[in-house]
Amino acid sequence: MHLKPFLRASVLFVLISLFCFFTSNAQKTMDDYSTQWKKIDGFISKGLTKSALDEVDKIYNAAKKNSNDPQIIKALLFKITLKQNIEEDASVKSIDTLEKEIATSKEPAKSILESIGAQMYLNYFQQNRYKLYSRTNTVNLNKKDIATWTTDDLHKKIGQLYMASIKNETLLQQTKLEPFDAIVIKGNARYLRPTLYDLLAHRALDYFKSDERDITQPAYAFEIKDKEAFAPLYGFVKYKFNTKDSASLHHKALLIFQ
């Protein structure tokens, strides 16, 4: 099960525009601005980025006025994507824009944006990997400027956002995926990932299962040695995996699998 691609592959991460705001108990019909989006698609196909941005801004402002969270997110993501073509330091500015949106958003939109934010920080890390590896950790540095961050700073932020995106388990587990079919490529076993929690958890797992932090590890780095990691279901979910390595990606992956 994957997200459908929009615009272009290089900004696929931004296209998790999960723009239907539902709970298990209620469904609210909201304007989808379909006419305006068709107009925007036309501008994009002609390479008219600024004209497309003007129209996206109109949708964003209208959606804000009407508390239309789905369209707020969709418009925000289109703005971020389009600005990559016309602004310097667009990646850093986009992260700042998204952080401000997270701060003012309510659930489940906030969880979706946190997951997107984690992916944006990860993309920034991957784009600047070789510069970052030459930096050493410092204290009392201006950590508000991402340009001064080290690999440890970025991985800490990425992990925090992914964990935050699945923190509200009950709400997310009650939010079905069917409303998101417009942007989700369905597999042949929807029942295996039926809720928004499942989708966001697997996005987090894609990161935590990786070896992105392996280049800098403490002497007490967490390793999967406990036989319970391979135990049958009930033995696995009840087992407590202890570690002093609080930054371990694989330890967090085990917790999410549980």
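The first residue of the sequence shown is numbered 1, and numbering continues consecutively from there.
Side-chain N/O atoms of Q174 and Y197 include no donor and acceptor closer than 3.5 Å. At a cut-off of 3.5 Å, with distance as the only test, a side-chain donor of T195 or D198 sits close to an acceptor on the other residue.
No donor-acceptor pair under 3.5 Å is formed between the side chain of N66 and the backbone N or O of N68. A donor-acceptor pair is defined here as one N or O able to donate and one able to accept, closer than 3.5 Å; such a pair exists between the side chain of Q258 and the backbone of Y239. Of the possible polar contacts, one joining the S45 side chain to the G42 backbone as a donor-acceptor pair under 3.5 Å is found. Between the side chain of H250 and the backbone N or O of S210 there is at least one donor-acceptor pair closer than 3.5 Å.
Atom NZ of K64 is separated from atom CG of L76 by 8.5 Å, given to the nearest 0.5 angstrom. Atom CD1 of I72 sits about 8.0 Å away from atom OG1 of T104, to the nearest 0.5 Å. Expressed to the nearest 0.5 Å, how far OH of Y121 lies from CG of L98 amounts to 8.5 Å. Once rounded to the nearest 0.5 Å, the distance linking CG of L53 with CD1 of I44 reads 8.5 Å. We find the NZ-CG distance between K106 and D69 to be 8.5 Å, quoted to the nearest 0.5 Å. Taken from CZ in R193 to CG in L200, the straight-line distance is 11.5 Å, to the nearest 0.5 Å.
The two residues E114 and L161 come nearest to each other via the heavy atoms O-CB, 3.6 Å. In terms of heavy atoms, Y124 sits closest to S91 at CD1-CB, 4.5 Å. Taking each heavy atom of I73 and A109 in turn, the nearest pair found is CD1-CB, 3.6 Å. Counting all heavy atoms, side chain and backbone alike, L172 lies closest to I166 at CD1-CA, 3.9 Å. Scanning all heavy atoms of the two residues, the minimum distance from A231 to G235 falls at CB-C, 4.3 Å. Across all their heavy atoms, P108 and L196 have their closest contact at CB-CD2, 3.9 Å.
With a 6.0 Å radius and a threshold of 12 heavy atoms from other residues, nucleotides or ligands, K79 has its NZ atom above the threshold.
Contact check for W149 versus H155: no side-chain heavy atoms found under the 4.5 Å cut-off. Contact of the L154 side chain with the N128 side chain is not registered, since no non-hydrogen atoms from C-beta on lie closer than 4.5 Å. Under the 4.5 Å side-chain criterion, counting only non-hydrogen atoms from C-beta, N168 is not in contact with K110. By the 4.5 Å heavy-atom criterion applied to side chains, I80 and I116 are not counted as neighbours.
Cluster membership check: I256 shares its hydrophobic cluster with V237, using side-chain heavy-atom separations under 4.5 Å among Ile, Leu, Val, Met, Phe, Trp and Tyr. Transitive grouping of hydrophobic side chains (ILVMFWY, heavy atoms separated by less than 4.5 Å) brings L233 and F257 into a common cluster. In terms of hydrophobic clustering, with Ile, Leu, Val, Met, Phe, Trp and Tyr side chains grouped at heavy-atom distances under 4.5 Å, F43 and L82 are assigned to different clusters. Note: the hydrophobic cluster containing F230 also contains F208 (ILVMFWY, side chain heavy atoms under 4.5 Å, direct or indirect links).
Here S111 pairs with E107 under the side-chain hydrogen bond (donor to acceptor under 3.5 Å, both in side chains) rule; sequence neighbours left out. For Q36, the side-chain contact (heavy atoms from CB on, under 4.5 Å) partners are Y33, I59, not counting sequence neighbours.
Between F78 and W37, the distance separating the two ring centers is shorter than 6.0 angstrom.
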Report task. Test side-chain hydrogen bond (donor to acceptor under 3.5 Å, both in side chains) on T150 and D153 and set out the steps. Result -> CA-CA 5 Å; T150 64; D153 294 324; 3.2 Å; yes

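Applying the salt bridge (charged side-chain N to carboxylate O under 4.0 Å, His left out) definition to pairs two or more places apart or across chains, those involving residues 81-96 are D96-K100.
Only one option out of Q119, K157, R203, K252 pairs with Y162 in a side chain to side chain donor-acceptor pair (under 3.5 Å); it is Q119.
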